[in-house]
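See below for the structure under consideration.
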There are 2 protein chains.
Amino acid sequence: MASTDSGRPGAGGTPAPARAAGGRTTSRDVARAAGVSQATVSLVLGDKWRGRVSERTAGTVREAARELGYRPNLAARNLRLGRTRTALLVVPALTSEFFARVYTGANGVAAEHGFGVVLYPSPVGTGPALDPFDSARAALDGVIASSMAADTLSGMRGGGLPLVMLDSDPRAGTGTAATVNLDIADGMRQVARHLLALGHRRFAHLAAAVDSWTFRERAGALTRAVAAVPGPALARESAALEVEAGRRAAERVLRVAAERRPTALVCDDDLLAAGACKAARGLGLRVPEDVSVTGFDDLALATAVDPELTTVRLPAEAVGARGMTALLDALDGRVPDTAPLPVLLVPRASTGPPPRP
Amino acid sequence: MASTDSGRPGAGGTPAPARAAGGRTTSRDVARAAGVSQATVSLVLGDKWRGRVSERTAGTVREAARELGYRPNLAARNLRLGRTRTALLVVPALTSEFFARVYTGANGVAAEHGFGVVLYPSPVGTGPALDPFDSARAALDGVIASSMAADTLSGMRGGGLPLVMLDSDPRAGTGTAATVNLDIADGMRQVARHLLALGHRRFAHLAAAVDSWTFRERAGALTRAVAAVPGPALARESAALEVEAGRRAAERVLRVAAERRPTALVCDDDLLAAGACKAARGLGLRVPEDVSVTGFDDLALATAVDPELTTVRLPAEAVGARGMTALLDALDGRVPDTAPLPVLLVPRASTGPPPRP
DNA sequence: CTGTTAGCGCTTTCAT
DNA sequence: ATGAAAGCGCTAACAG
């Protein structure tokens with residue numbers, strides 16, 4: 001297995017080859033080349049030399065480093081410093097734009113503070129046995145976990161690292177540094193209000209078959225919003241988070257006599273909504289004339305399909321940014337901001353008044 | 001904390017506080033708790049103790065480690081070993097399922113060899129100044145880069161690490177350990193053959209406005225395939241890799257007199273194809289009756305839209321797996337397999353015979 | 001201003 | 001079968 005094992009061939013009388021024979025350039029090589037000590041190199045390259053090293057020496061050192069193509073050994077630095085300036089972002093799926101945008105937001109804030117962010121896609125099964133602290137070999141200063149399934153949480157507590165939860169149950173936070181949440185419930189309330197105002201009274205909820213806070217929140221909020229006005233009915237059907245599963249679930253819900261058929265399909269996710277639209281068309285129903293459909297997330301898909309989806313826009317970048325900020329705060333002993341982020345209904349072409357009976 | 005020797009009574013003497021006061025548990029803490037030397041701990045926990053440490057001692061050590069919740073310090077291990085068993089996977093975009101699947105494939109192979117894979121989404125601008133070796137703070141043994149834009153390549157050569165390119169120009173490989181490619185050209189040829197067989201003669205190519213090998217390959221292959229038979233015309237229009245950009249580009253191409261209008265839109269990507277379908281419908285044209293549309297990649301989107309897209313399926317997982325295998329080979333001095341991976345046209349509902357004039 | 005020194009926590013000879 | 005000791009490359013006290 002050992003690959004790069006030329007390691008340390010008994011170096012005879014050194015003719016001062018500024019670069020170690022087989023290995024990488026070290027700070028000592030730079031020091032030798034510049035004719036200074038290792039400490040000076042560290043100071044200069046670490047940019048803490050103002051008033052401690054002469055301008056001229058600093059220049060020499062930088063020149064030598066450039067010349068030799070010196071790159072500091074992270075492992076050594078991390079070992080010495082005891083921290084890595086690296087955070088792990090755990091996401092349930094790589095595919096989704098939502099998480100891509102969360103990453104972008106987190107990475108932006110991280111970069112401003114000299115931190116890096118490493119992605120860990122939680123294995124699909126999301127069994128409790130996940131171990132990001134072994135799998136992502138990077139040594140870590142903290143963990144940010146987004147939208148994790150309930151049972152995955154438990155496994156997450158390894159390493160005793162600061163943990164920031166994103167889009168997750170705020171009450172689960174025993175030992176959690178902070179929870180950054182979206183106002184999911186308000187989003188669902190906006191959906192309900194929109195549809196009720198259009199005149200809908202028979203609803204069906206296409207729920208994601210994923211046991212996580214964010215989806216329980218959506219279900220609860222919809223139930224309450226619909227129950228708040230007299231009269232309306234609410235059916236519910238679950239589906240895996242895929243277009244095809246959404247299509248099948250919607251088909252089950254729509255295949256009933258017209259007078260009992262829901263006039264509005266509220267979906268937990270844009271993928272499900274896309275499936276719902278396909279189901280409707282497959283049954284000869286028009287969207288939105290015969291049945292209105294709403295999504296959630298406002299992914300690119302929402303405007304890729306026809307008609308474009310009425311959906312709830314989630315400020316994903318902001319979630320990531322706030323998550324990273326919270327982690328940084330926790331790391332520095334400050335108390336993280338924890339107000340929920342607002343979300344916004346974006347009405348488009350997939351919703352309209354219910355059909356006249 | 002009670003006295004720590006719950007596992008190993010009888011070893012009088014040291015009341016040693018098995019866990020360092022403020023910090024994490026180290027292998028020395030474990031050694032003390034188990035009443036052995038650090039070396040023994042390393043041997044046992046590194047699973048190289050057969051015949052070197054007694055069964056009984058090994059048990060004691062493992063018990064102590066478990067008891068104390070010991071986790072080896074990766075930074076120290078990496079420093080000592082000079083390698084990290086970590087590879088970096090550089091991808092141009094997080095959003096795409098394609099890269100998610102490449103990751104999955106790479107990670108699977110990596111795991112079998114005790115490696116981890118860390119993702120580095122190359123910044124959107126893909127300016128040449130990217131530095132994954134600083135951004136992803138993890139120390140790395142090698143880099144796998146997928147579908148990178150041409151100018152991004154140059155920046156990639158930092159660190160002198162083994163580099164495996166995926167879906168990239170094989171000739172760019174100066175200093176590259178290996179290139180794992182898809183038979184992109186053959187995919188495009190299959191598309192052309194399919195459409196020609198259906199009777200199409202007026203084509204338009206919706207090209208991705210991204211300067212990378214994979215898209216140049218698609219353009220070249222289509223041009224050649226169409227030129228190979230007498231008669232056909234081929235227009236070309238570029239668009240950013242987004243549905244809306246694809247829609248606009250398709251609109252430009254379709255907004256001409258019916259007798260000059262292309263009857264088949266060959267798109268570089270499923271996103272573009274989805275946009276093309278929207279454009280067609282927006283202009284009152286039916287897909288595939290009035291115009292056929294093909295995609296590339298076979299993303300989930302391909303079956304989410306209506307009609308489902310005829311597209312070229314790319315074996316993304318296999319690409320990732322082969323990439324990781326090639327990196328492992330290079331690391332161990334073996335010579336990587338470099339045959340292109342086959343791709344397959346999947347005919348669906350978005351293509352049909354051209355309209356009768 | 002600059003050099004010397006002492007480890008960070010781990011693995012690995014080499015003695016015992 | 002086990003322990004002692006060296007050292008990976010780096011940074012931060014502390015001397016000079």
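In what follows, every heavy atom counts, from backbone to side chain, and hydrogens, waters and symmetry copies are set aside. Each chain gets a letter, A, B and so on, in the order its sequence line appears, and its residues count up from 1.
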Quiz item: Do any N or O atoms from the side chain of N107(A) and from the backbone of Y103(A) form a donor-acceptor pair under 3.5 angstrom?
Solution: no
Quiz prompt | Rounded interatomic separation in angstrom, taking CZ from R32(B) and P from dT2(D) | solution = 19 Å
What are the atom names and distances for every N/O pair under 3.5 Å that joins the protein to nucleotides 10-13 of chain C?
residue, atom, partner, partner atom, Å
dC10(C), OP1, Y70(B), OH, 2.5
dC10(C), OP1, N73(B), N, 3.1
dC10(C), OP2, S27(B), N, 2.4
dC10(C), OP2, S27(B), OG, 3.0
dT11(C), OP1, R77(B), NH1, 2.5
dT11(C), OP2, S42(B), OG, 3.2
dT11(C), O2, R80(B), NH1, 2.0

Quiz item: If only atom types and distance count, is the side chain of D141(A) paired as donor or acceptor with the main-chain N or O of T84(A) below 3.5 Å?
Solution: yes
Exercise. Mind running side-chain contact (heavy atoms from CB on, under 4.5 Å) on L45(B) and Y70(B) for me, showing each step along the way?
Key: CA-CA 10 Å; L45(B) 266 32; Y70(B) 169 68; 3.6 Å; yes
Exercise. May I ask you to check whether over 12 heavy atoms, not counting those of R52(B), lie within 6.0 Å of atom CZ?
Key: no
Quiz item: Are side-chain N/O atoms of Q38(B) and S27(B) paired as donor and acceptor at under 3.5 Å?
Solution: yes
Exercise. Take the C1' atoms of the five end pairs on each side of the helix from dC1(C)-dG16(D) to dT16(C)-dA1(D), get both axes, and report the angle to 10 degrees.
Key: 40°
Practice problem: Please report, rounded to the nearest Å, how far the P atom of dA6(C) is from the CG atom of L79(A). | Solution: 18 Å
Quiz prompt | side-chain contact (heavy atoms from CB on, under 4.5 Å) between L166(B) and V102(B), worked out | solution = CA-CA 9 Å; L166(B) 268 31; V102(B) 169; 3.9 Å; yes
Quiz item: For T57(B) and dT2(D), is the shortest distance between a side-chain N/O and OP1 or OP2 below 4.0 Å?
Solution: yes
Practice problem: Please check if the side chain of D29(A) supplies one atom and the backbone of T26(A) the other of a donor-acceptor pair under 3.5 Å. | Solution: yes
Quiz item: For residues S37(B) and T40(B), is any side-chain donor paired with an opposing acceptor at under 3.5 Å?
Solution: yes
